[in-house]
Each structure stands twice: as C-alpha cells, then as structure tokens.
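Encoded as structure tokens, the structure appears first; notes follow it.
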Amino acid sequence: MISVAIAPLSSEGLIGTAVLVEGTAASAGLPGFGSNRIPALFGRYRAASGEFVSAWATPEPLVFDESAWVSESVQGQAVRG
C-alpha cells in the first residue's frame, strides 16, 4: 500500500534518525494525483528501523477531493493518505 501524507509534518514524538540516501532531486510529478507534472523535490530516507521512506515536497498549492482521502495513524502520528 502506498500512503501519501498531505500536510506539514512534524518530527515531534518520533524516535530515531532518518538518513537521506537518495536526493534531493527535482521531480516532475507527485504520486497520488494521477498524471501530472507538479514540480517537486524528491528524497528517499532510511529510518533507524531500516525501513525506507520516500518524500516529496512542493511549494505548489494542491487541490483534491478531501472525501477521497482517509485519515490514518502512523506510529501515533495522524496523516491523511
């Protein structure tokens, strides 16, 4: 399952360190928004647990149908994905 968080994120309450292993690289397109060319930066991190986390950041305002997204909790942190 791919989960996309659409919100400013905070590291409060998270334990461990994540190390950037790929990027930061320019990206033309954000996952979760169909076929698009939204400019973004991409990076892949390795968490202390050994898991890899992909992250995209964009300064563009994002418009989406909120009813199509669900709230989830990841390690006690609320995200929308």
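Across all their heavy atoms, Gly43 and Leu20 have their closest contact at CA-CD1, 4.1 Å. Taking each heavy atom of Pro39 and Pro59 in turn, the nearest pair found is O-CD, 4.4 Å.
One hydrophobic cluster, built from ILVMFWY side chains closer than 4.5 Å, cannot hold both Tyr45 and Phe52; they sit in different ones. Phe42 and Leu62 fall within the same hydrophobic cluster, defined by Ile, Leu, Val, Met, Phe, Trp and Tyr side-chain heavy atoms under 4.5 Å apart, directly or through other members.
The line from CD1 of Ile38 to CG of Leu30 is 4.5 Å long, rounded to the nearest 0.5 Å.
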